[in-house]
K.L.:
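Pasting a structure here, questions to come.
Chain A is the first sequence line, chain B the second, and so forth, proteins listed ahead of strands; every chain is numbered from 1. Everything numeric in this text was worked out from a predicted model, so none of it was measured.
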There are 2 protein chains.
Amino acid sequence: MKEIEQRLTENGVRPTAMRMLIYKYLAQKDAAIALTDIENAFAKADRTTLFRTLKTFEQKGVVHQIDDGTGVQKYALCEPGCNCELEQDLHLHFHCTNCDETVCLTEHKIPHINLPEGYITEDANLVLKGICEKCSGQ
Amino acid sequence: MKEIEQRLTENGVRPTAMRMLIYKYLAQKDAAIALTDIENAFAKADRTTLFRTLKTFEQKGVVHQIDDGTGVQKYALCEPGCNCELEQDLHLHFHCTNCDETVCLTEHKIPHINLPEGYITEDANLVLKGICEKCSGQ
DNA sequence: ATAAGGATGCAACGGAAGTGCATTTATTGT
DNA sequence: ACAATAAATGCACTTCCGTTGCATCCTTAT
């Protein structure tokens, strides 16, 4: 719990009890988390608080937002030292169409792509979809 | 108009007047189109019809759906002969954060990625974000 | 001509993101 | 320690978009 407090402080996020719990929750899940998930896990807390916590986390670089094509925003903790920068931190995500979970594949960075003149790339999102290792039974 | 009719028929879509108009509309736009866009362009038609038309188109391989991270589903015509297959037809998309338009870069296929054992890839979505050629002034 | 199936239109629902404002909790300065 | 200030939380409400059920209209085949 101490490490969480430190991590948040480092990123300029005031470590309230709620925030630490949410961080902890995110940390113990290996899949990306939607607002609704957190909402269910913390029945007592208000949705707005959770929503704003995630937004704060995102803004301060504690988590990154993932758009896996399901239409709901999901979030996952950033790696330590992550700056969410293209070609460096941005990795691909895998969405399993069977269990509906989305995981970070942090080892797999988004490959560099040469765009035509005039295009300036600032961000990228690569999602592969299919069957994850859990569901494929391997 | 005759070509449109033929194209739809080929794909197993009954070429009604409405559908041909929507196809035409999609064809003359170079950016991906959201339901709302079509809705505004065809004020007389009902949203449901437009919605279902897009879904039919998608299902029959006339258009492909694009998730550019804005939270709204967009659609663009498939290339002739497209089968929406990975490593073959799936191309990347570019979303301009300035003009909010998303375009297909059909020349740029999604690079092959070697996933760990157990992952079975069936689909992919790669969106680059930044400033498009129009907006960067080149 | 009529029956059947598909296309369209209308109304309504539901989920998720987001905002304004009041209230509570924490922090700072004296 | 206390007031003043700022930040965090909670409540109510809104909006947007996707989606579905059902009725009606149109087209096609027999």
K.L.:
Respond yes when some side-chain nitrogen or oxygen of Arg19(B) is under 4.0 Å from OP1 or OP2 of dT8(C), and no when none is.
P.N.:
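It does, given that an N or O in the side chain of Arg19(B) lies less than 4.0 Å from OP1 or OP2 of dT8(C).
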K.L.:
Tell me, please, the opening and closing nucleotides of DNA chain D, 5' to 3', among those with an atom under 4.0 angstrom from a non-hydrogen atom of chain A.
P.N.:
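The protein-touched segment is dA7(D) to dA12(D).
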K.L.:
Without decimals, in angstroms, what is the distance between Asp68(A) CG and dA16(C) C1'?
P.N.:
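Rounded to whole Å, this separation is 14 Å.
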K.L.:
Give Thr16(B) one of three labels, base, sugar-phosphate or nothing, depending on what nucleic acid heavy atoms sit under 4.0 Å from its own.
P.N.:
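Answer is sugar-phosphate: Thr16(B) comes under 4.0 Å of backbone atoms only.
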K.L.:
Membership question, hydrophobic clusters at under 4.5 Å side-chain separation (ILVMFWY): are Ile110(A) and Ile66(B) in the same one?
P.N.:
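Not linked; separate clusters.
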K.L.:
Counting side-chain heavy atoms from CB outward, which of dT8(C), dA16(C), dC21(C) is closest to Arg52(A)?
P.N.:
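Of all the options, the side chain of Arg52(A) is nearest to dC21(C).
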K.L.:
Would you tell me if any nitrogen or oxygen in the side chain of Thr36(A) comes within less than 4.0 Å of OP1 or OP2 on dA16(C)?
P.N.:
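The answer is yes; a side-chain N or O of Thr36(A) sits under 4.0 Å from OP1 or OP2.
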K.L.:
Quick one: Glu39(A) CD to dA16(C) P, roughly how many Å, whole number?
P.N.:
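Distance, rounded to whole Å: 8 Å.
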K.L.:
Given that Tyr75(A) and Val13(B) both sit by DNA chain C, which one's nearest nucleotide is further toward the 5' end?
P.N.:
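It is Val13(B), whose closest nucleotide lies nearer the 5' terminus.
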K.L.:
Run the ring-centre check on Phe57(B) versus Tyr75(B) and record whether the distance is less than 6.0 Å.
P.N.:
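Between Phe57(B) and Tyr75(B), the centre distance exceeds or equals 6.0 Å.
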K.L.:
In whole angstrom, what separates Phe51(B)'s CZ from dA12(C)'s P?
P.N.:
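Nearest whole value for this atom pair: 19 Å.
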K.L.:
As a quick check of understanding, evaluate side-chain contact (heavy atoms from CB on, under 4.5 Å) for Leu105(B) and His93(B), giving each step before the final call.
P.N.:
CA-CA 6 Å; Leu105(B) 297 175; His93(B) 295 100; over 6 Å; no
K.L.:
I need the NZ-P distance between Lys44(B) and dC10(C), as an integer number of Å.
P.N.:
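To the nearest whole Å, that distance equals 13 Å.
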K.L.:
Calculate the interatomic distance between Lys74(A) atom NZ and dG15(C) atom P; express it in whole Å.
P.N.:
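In whole Å, dG15(C) P lies 16 Å from Lys74(A) NZ.
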K.L.:
Just the rounded figure in Å: distance from P of dG18(C) to CD of Gln59(A).
P.N.:
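Rounded to the whole Å, the gap is 13 Å.
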K.L.:
Select from Arg47(A) and Met18(A) the residue whose nearest nucleotide in DNA chain D is closer to the 5' end of that strand.
P.N.:
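On the 5' side of the pair lies Met18(A).
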K.L.:
Grab the CZ-C1' distance between Arg14(A) and dT25(C) for me, whole Å please.
P.N.:
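Checked: the CZ to C1' distance equals 9 Å.
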K.L.:
So do the side chains of Pro116(A) and Glu133(B) get within less than 4.5 Å of each other, counting heavy atoms only?
P.N.:
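Of all side-chain heavy-atom pairs linking Glu133(B) with Pro116(A), none is under 4.5 Å.
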K.L.:
Using whole Å, what does the distance between atom C1' of nucleotide dA26(C) and atom CD of Glu5(A) come to?
P.N.:
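Atom CD in Glu5(A) sits about 13 Å away from atom C1' in dA26(C).
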K.L.:
Out of the candidates His91(A), Glu79(A), Glu58(A), only one should pair with His64(A) under the side chain to side chain donor-acceptor pair (under 3.5 Å) rule; please name it.
P.N.:
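Among the candidates, only His91(A) passes.
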K.L.:
Applying the side chain to side chain donor-acceptor pair (under 3.5 Å) test to Thr102(A), which of Asp67(A), Asp68(A), Thr70(A) qualifies?
P.N.:
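Passing option: Asp68(A).
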K.L.:
With sequence neighbours left out, write down each residue that passes side chain to side chain contact (heavy atoms under 4.5 Å, CB included) with Gln6(A), or none if nothing qualifies.
P.N.:
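Partners of Gln6(A) under the side chain to side chain contact (heavy atoms under 4.5 Å, CB included) test: Glu10(A).
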